[in-house]
Amino acid sequence: MMDAAALRAYIKAHFTRTAFRLETLQQYEVASDGNDFGRYLRGEPAPTPERKEPWLRRLRAEREANLYRHRVRIVTAPVTAYTRYECEWGYVPNANAGEDIRILDLRAQPLPHVVSEVDEDFWLLDDEHGLLMHYGISGEFIGATLQPGLVPLLRDVRDQTWGAAEPFNQWWERNSDLHRDGRQVA
């Protein structure tokens, strides 16, 4: 099982064209959030720039290098505070920096059946490298496992969720009731 450092190294080595991420949990407890989720809940105006800016620079550099990073985020009812935080402080700036994000809102449509065959978050790199992401009950990252035998299934899940999902900016604009302050925060 890969820890966070090994996962980052693997992605860096194998992301040469495309990196797809499926996110299914409604809350994550990951170190990369720093203390921003708590700051968000306290009503602070924006993410910690020292934490967020290097990531946004990386996304912009990837786009300039013709690397394509995209994800589908599954949203359920009720929408959690963490999902709202992730949208406002994560996806809004990430999308502006070049990440292609779509939302599969289960409040409005059913989950494609094929997703139940995986039932975990995953990465699919260059259509060739599949990694299942393992999380604890509270959303804490446990590790990732390389799954070469699942790559065809992961491609199918990616294609079906991507086709069923809505572009993030369109979904976010239409769901202004989810914005913390009734407006978009970037």
Could you check whether the rings of Trp172 and Phe168 sit parallel, tilted or perpendicular, using 30° and 60° as the cut-offs?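 Aromatic pair Trp172/Phe168 classed parallel.
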
Could you label the plane-to-plane angle of the Phe37 and Tyr85 rings as parallel, tilted or perpendicular, counting under 30° as parallel and over 60° as perpendicular?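 Tilted, since the angle between the ring planes falls between 30° and 60°.
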
Write down the atom of [X], the atom of [Y], and the distance for their closest heavy-atom approach.
X      : Y      : result
Gln147 : Thr145 : NE2-OG1, 3.0 Å
Ala81  : Leu41  : CB-CD2, 3.9 Å
Ala4   : Phe141 : N-CE2, 3.6 Å
Arg63  : Ala97  : CG-O, 4.1 Å
Ala144 : Met133 : CB-SD, 3.9 Å
Ala95  : Asn169 : CB-OD1, 4.1 Å

Which distance, rounded to the nearest 0.5 Å, do you find between the [atom1] of [X] and the [atom2] of [Y]?
X      : Y      : atom1 : atom2 : answer
His14  : Leu124 : NE2   : CG    : 13.0 Å
Leu25  : Thr83  : CG    : OG1   : 9.5 Å
Asp105 : Glu166 : CG    : CD    : 8.0 Å
Leu111 : Thr24  : CG    : OG1   : 9.5 Å
Asp100 : Thr18  : CG    : OG1   : 12.0 Å
Arg84  : Asn175 : CZ    : CG    : 10.0 Å

Residues His70, Trp162; criterion ring pair (Phe, Tyr, Trp, His ring centres under 6.0 Å); working and verdict: CA-CA 9 Å; His70 58 301; Trp162 188 259; 5.1 Å; yes

For residues Asp156 and Gln160, is any side-chain donor paired with an opposing acceptor at under 3.5 Å? yes

Side chains of Trp89 and Asp36 only: does a donor on one sit below 3.5 Å from an acceptor on the other?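 Note: Trp89 and Asp36 side chains miss the donor-acceptor criterion.
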
Aromatic Tyr40 / basic Arg180 pairing, under 6.0 angstrom, 45° off normal: yes

Single-linkage hydrophobic cluster, 4.5 Å side-chain cutoff, [X] and [Y] together:
X      : Y      : answer
Tyr68  : Val157 : yes
Leu67  : Trp55  : no
Leu104 : Leu153 : yes
Leu125 : Met2   : yes
Leu106 : Val114 : yes

So does [Y] get a backbone contact from the side chain of [X], meaning a donor-acceptor N/O pair under 3.5 Å?
X      : Y      : result
Arg107 : Thr76  : no
Arg42  : Gly38  : yes
Tyr91  : Glu88  : no
Asn94  : Glu99  : no
Gln26  : Ile74  : yes
Arg17  : Asp126 : yes
Gln109 : Ala164 : yes
Arg69  : Phe20  : no

Take Glu53 and Arg60 through the salt bridge (Lys or Arg N to Asp or Glu O under 4.0 Å) test and state the conclusion after the steps. CA-CA 11 Å; Glu53 281 306 315; Arg60 287 188 288 269; 3.8 Å; yes

Evaluate whether atom CZ of Arg58 has more than 12 neighbouring non-hydrogen atoms of other residues, nucleotides or ligands under 6.0 angstrom away. no

Carefully, step by step, assess Glu120 and His134 under the rule side-chain contact (heavy atoms from CB on, under 4.5 Å). CA-CA 7 Å; Glu120 291 190 70; His134 307 287; 2.7 Å; yes

